[in-house]
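Numbers for residues simply follow the sequence, beginning at 1.
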Amino acid sequence: MKPPFFYATGRRKTSVARVYLSLGTGKITVNNKSLLEYFRREILKMTIMQPLELLDAVSKFDIEAYCSGGGLSGQAGALRLGMARALIEFDPELKPSLRKHGFVTRDPRAVERKKYGRPKARKRFQYSKR
């Protein structure tokens, strides 16, 4: 017997998304708001929906997610990874197709820390010969 929902965590930059996936009608809520209400930019909505569109499962699952940390772009990436992982929990046979499109790999890019003696992480102060 399958459980009533499938849970997975996604991370991106400093954002964390906890994703609960269950069979349903395609309703997606993020932090108790609708997806369209929380992520207003079209590119973010597109990013989030990619795993479901790949599997033609947009209207098959209800997704409840809780995002924290970082900005909206990082949260959207974290949510996409969390959704892909939850789909794999639901059906492990989906993993090869999700991996092929890069939805299973955690994006390791993050802001580089500022170094002492410099204005930013890599930028140097202007050199004056005279």
All N/O donor-acceptor pairs, side-chain side in residues 66-83, below 3.5 Å, sequence neighbours left out:
residue: Tyr66; atom: OH; partner: Glu64; partner atom: OE2; Å: 2.3
residue: Gln75; atom: OE1; partner: Tyr38; partner atom: OH; Å: 2.7
residue: Gln75; atom: NE2; partner: Gly69; partner atom: O; Å: 3.1
residue: Arg80; atom: NH1; partner: Gln50; partner atom: OE1; Å: 2.5

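Considering CG of Leu23 and CZ of Phe6, their distance stands at 6.5 Å, rounded to 0.5 Å. Annotation: the span from His101 atom NE2 to Glu53 atom CD amounts to 12.0 Å, rounded to 0.5 Å. Here the straight-line distance linking atom CG of Leu21 with atom CD of Glu89 works out to 10.0 Å at 0.5 Å rounding. Arg85 CZ to Ile88 CD1: the interatomic distance, rounded to the nearest 0.5 Å, is 8.5 Å. For the atom pair Phe61 CZ and Leu55 CG, the distance stands at 8.0 Å (nearest 0.5 Å). Rounding to the nearest 0.5 angstrom, the gap separating the OG atom in Ser97 from the CZ atom in Arg99 is 11.0 Å.
Applying the 6.0 Å contact sphere to OH of Tyr20 captures more than 12 heavy atoms from other residues, nucleotides or ligands. No more than 12 heavy atoms of other residues, nucleotides or ligands lie within 6.0 Å of NZ in Lys33, so this atom counts as exposed by the packing criterion. Residue Glu112 places its CD atom among more than 12 non-hydrogen atoms of other residues, nucleotides or ligands, all under 6.0 Å distant.
Taking each heavy atom of Ala84 and Phe103 in turn, the nearest pair found is CB-O, 3.4 Å. Closest approach of Thr47 to Ile43, counting heavy atoms only: OG1-O, 2.8 Å. Smallest separation of non-hydrogen atoms from Arg106 and Lys13: NH2-O, 3.7 Å. Of all heavy-atom pairs spanning Ala121 and Arg113, the tightest one is CB-O, 3.4 Å. Considering every non-hydrogen atom in both Arg12 and Arg109, the closest pair reads NH1-O, 3.3 Å.
The closest donor-acceptor contact from the side chain of Lys45 to the backbone of Arg40 lies under 3.5 Å. Under a 3.5 Å cut-off, the side chain of Asp62 and the backbone N or O of Lys27 do form a donor-acceptor pair.
The cluster map of Ile, Leu, Val, Met, Phe, Trp and Tyr, joined by side-chain heavy atoms under 4.5 Å apart, puts Leu54 and Leu44 in the same cluster. Tyr7 and Phe90 fall into different hydrophobic clusters, where Ile, Leu, Val, Met, Phe, Trp and Tyr are joined by side-chain heavy atoms under 4.5 Å apart, directly or via other members. Transitive grouping of hydrophobic side chains (ILVMFWY, heavy atoms separated by less than 4.5 Å) brings Leu35 and Leu87 into a common cluster. Cluster annotation: Leu36 and Met49 are assigned to distinct hydrophobic clusters (Ile/Leu/Val/Met/Phe/Trp/Tyr, side-chain heavy-atom contacts under 4.5 Å, transitive).
Using a 4.5 Å cut-off on side-chain heavy atoms (C-beta onward), Ile48 and Val30 make no contact.
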